[in-house]
Structure formats: structure tokens, C-alpha cells
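In this chain, numbering begins with 1 at the start of the sequence shown.
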Amino acid sequence: MPTSRASTTDPGKSASGGVQSLERAFDLLERMADAGGEVGLSELSASSGLPLPTIHRLMRTLVACGYVRQQPNRRYALGPRLIRLGESASRLLGTWARPYLARLVEETGETANMALLDGDEIVYVAQVPSKHSMRMFTEVGRRVLPHSTGVGKALLAGFPAQEVRALLARTGMPAATEKTITTPDGFLAALADVRRLGYAVDDNEQELGVRCLAVPVPDSPTAAAISISGPAGRVTEAATERIVPVLQQVAVELSQALATPGAPAS
């Protein structure tokens with residue numbers, strides 16, 4: 001039987017020295033998110049290894065605080081109060097990423113972005129613009145569908161094929177340009193290329209004349225990717241060979257900073 005990530009021999013203290021009930025509550029919230037946001041108590045017990053009475057007590061507290069709600073079918077769903085926390089955390093994540101994006105701009109000359117997967121959409125949470133007079137601009141907070149973006153490909157490349165197909169079925173695959181991938185099979189083939197190459201490309205697929213290179217931020221607390229975008233005449237195949245290693249290195253450093261206690265800084 002699986003054991004809880006918060007288990008310890010002391011009923012009040014966690015193995016890390018924290019408060020066990022808090023660790024267990026957050027562990028349950030993460031398991032709910034991993035399960036799509038709605039689960040039953042028996043599912044949580046099976047995945048966490050905690051006894052049903054313990055889970056019921058923790059869920060009752062989370063419901064009272066508004067972080068979980070009980071559905072009419074008696075299952076539990078993530079509550080609306082988490083939205084405010086998530087929005088604030090997303091803004092902070094963008095703030096923490098800016099020094100790393102600024103490095104990308106300095107080393108590549110192109111506009112740098114950070115994006116998250118929020119539900120079925122890509123949301124841009126940070127950007128540092130290029131210093132070129134001709135440069136790309138994406139409004140922070142803008143939401144786009146994943147199938148036409150480099151960051152979308154980078155984020156979905158690690159997902160099982162059936163989950164990607166389900167997402168595409170929900171969003172549809174409208175063509176932003178004549179080069180947009182508009183079939184699930186075509187998109188899955190592109191994701192296979194991302195896994196093989198280690199980076200994603202948006203080649204005039206979101207906007208004609210614009211190329212984007214993107215990589216995921218490994219082990220990010222939420223699915224995140226960073227990218228550079230610029231005119232296709234500058235972001236050439238030759239430039240790609242120079243830019244991708246920089247992107248990958250910065251992504252690793254940002255990941256390490258996010259995993260370190262304290263505010264990340266470059």
C-alpha cells in the first residue's frame with residue numbers, strides 16, 4: 001500500500017520537522033489537482049495511504065476554509081478560494097522569472113517569455129522585450145490555445161497521448177495561420193519531435209513572420225515553459241543552434257531557484 005508523503009512516527013510532527021496535519025492537507029490538495037480537481041475519499045485514501053477517518057477530518061477542515069467544496073455526488077472538488085492564491089502565485093512566479101528572462105534577452109537578442117498551462121489554455125505570466133526596434137510583444141496575461149504555440153508544445157510534450165487528444169477535443173484546433181497544425185495526429189507528431197530534440201518550435205504557426213523556440217522548466221511546481229520569439233528572418237535554423245542551449249541552461253537555473261527556499265534571483 002502507498003504511504004503518505006507526510007507520514008512519520010510522531011503523530012504531531014512531520015519528518016521534516018513541520019506540522020504533519022498541514023503537510024497532509026497540502027498533499028491531499030496536490031493529489032486532487034493531479035486527479036483533475038475532483039476525487040472521492042476512497043481514491044484519496046488509496047493514493048495517499050492515509051486512513052479514511054484522517055482524510056475525512058482533513059477534508060472537513062479544508063471545506064470549512066473554502067479550499068475544497070463537497071459536490072452533490074459526495075465527491076470533493078478544489079474550492080474557489082484557491083483561485084485567489086493561484087493568481088497571486090502566478091504573478092509572483094512571473095516576477096521571479098524576470099531576471100532569467102532578462103538574461104535570455106541579453107544572450108539571444110530576442111524577446112523572452114514565460115508561460116504556464118492553466119486548465120486547457122496557455123497563459124503568459126512574464127515577458128522581457130527585445131532591444132531590437134523590430135521585436136515581438138505578447139501581453140502578460142494573454143491566453144492562447146496550446147496547439148499553435150511553442151510553449152504549448154513544450155508543456156504538452158510530457159503528457160500522455162490520450163490526455164493531449166482529450167485536451168485538443170475540448171479546445172478544438174483552429175488555424176491561426178496557414179501553417180498552424182490543425183489535426184491531433186499532426187500535433188502528436190510535433191510533440192514527438194519536441195521530446196527527440198529537447199525543444200519546441202512555433203514556425204509561423206501563431207503569427208506569420210514570427211518564430212518561437214521554447215523549453216519546459218524542469219520540475220517546476222506548476223507546468224511552466226520559457227521561450228524566445230522574434231522575426232523569422234532572425235530566428236533562423238543557424239540561430240536556433242545557438243539559442244537552444246541558452247534556453248535550456250536558463251530553464252535549469254530557474255528551476256533550481258524555484259526549488260530553493262527564499263525569493264529566486266539571478
Using only heavy-atom distances, determine whether the side chains of Q206 and T149 contain a donor-acceptor pair under 3.5 Å.
-> no
Compare every heavy atom of [Y] with every heavy atom of [X], then report the nearest pair and how far apart it is.
X: A157; Y: R195; result: O-NH1, 2.8 Å
X: A214; Y: S227; result: CB-CB, 3.7 Å
X: A251; Y: V217; result: O-CG1, 3.8 Å
X: K179; Y: E205; result: O-CG, 3.3 Å
X: L254; Y: Y100; result: CD1-CD1, 3.7 Å
X: G109; Y: S130; result: O-OG, 2.7 Å

Is the shortest heavy-atom distance from the side chain of [X] to the side chain of [Y] under 4.5 Å?
X: L101; Y: Q127; answer: no
X: L213; Y: V201; answer: yes
X: E237; Y: E241; answer: no
X: Y199; Y: T240; answer: yes
X: T180; Y: T177; answer: yes

Indicate yes or no for a side-chain donor-acceptor contact from [X] to the backbone of [Y] under 3.5 Å, with no hydrogens or angles considered.
X: R98; Y: V128; result: no
X: T236; Y: G233; result: no
X: S255; Y: P218; result: yes
X: H147; Y: P174; result: yes
X: N204; Y: G209; result: yes

Begin with the C-alpha distance, continue with both residues' side-chain angles, and end with the deciding distance and a verdict on side chain to side chain contact (heavy atoms under 4.5 Å, CB included) for L62 and M32.
-> CA-CA 12 Å; L62 290 170; M32 292 178 71; 5.8 Å; no
Salt bridge check: are D27 and R24 linked by an N-O gap of less than 4.0 Å?
-> no
Do the charged groups of R75 and E43 touch, with an N to O distance under 4.0 Å?
-> yes
Same hydrophobic cluster for [X] and [Y], using side-chain heavy-atom links shorter than 4.5 Å among ILVMFWY?
X: L58; Y: L41; value: yes
X: V63; Y: L52; value: yes
X: I228; Y: L116; value: yes
X: M114; Y: V105; value: yes
X: V250; Y: L197; value: yes

Please say which of R142, R170, R143 ends up in a salt bridge (charged side-chain N to carboxylate O under 4.0 Å, His left out) with E121.
-> R143
Any chance [atom1] of [X] has more than 12 other-residue heavy atoms, nucleotides or ligands included, within less than 6.0 Å?
X: R165; atom1: CZ; result: yes
X: E178; atom1: CD; result: no
X: D219; atom1: CG; result: no

From [X] [atom1] over to [Y] [atom2], what is the distance, rounded to the nearest 0.5 angstrom?
X: S42; Y: I55; atom1: OG; atom2: CD1; result: 9.0 Å
X: S48; Y: E30; atom1: OG; atom2: CD; result: 12.5 Å
X: C212; Y: N113; atom1: SG; atom2: CG; result: 6.5 Å
X: I226; Y: R103; atom1: CD1; atom2: CZ; result: 9.0 Å
X: E38; Y: L78; atom1: CD; atom2: CG; result: 9.5 Å

Give me the other members of the hydrophobic cluster that I181 sits in, counting Ile, Leu, Val, Met, Phe, Trp and Tyr linked by side-chain heavy atoms under 4.5 Å, directly or via other members.
->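 Its cluster mates, by chain and number, are L117, I122, Y124, V144, V151, L155, L156, F159, V164, L167, L168, M173, F187, L188, L191.
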Among all residues two or more places apart in sequence or in another chain, which pass the side-chain hydrogen bond (donor to acceptor under 3.5 Å, both in side chains) test with Q248?
->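 Once residues adjacent in sequence are excluded, Q248 has no partner under the side-chain hydrogen bond (donor to acceptor under 3.5 Å, both in side chains) criterion.
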How far apart are the C-alpha atoms of H56 and L50, what are their side-chain angles, what is the distance that settles it, and do they pass the side chain to side chain contact (heavy atoms under 4.5 Å, CB included) test?
-> CA-CA 10 Å; H56 187 264; L50 292 173; over 6 Å; no
Stepwise, does the side chain to side chain contact (heavy atoms under 4.5 Å, CB included) test hold for L247 with L104?
-> CA-CA 7 Å; L247 264 173; L104 280 176; 3.8 Å; yes
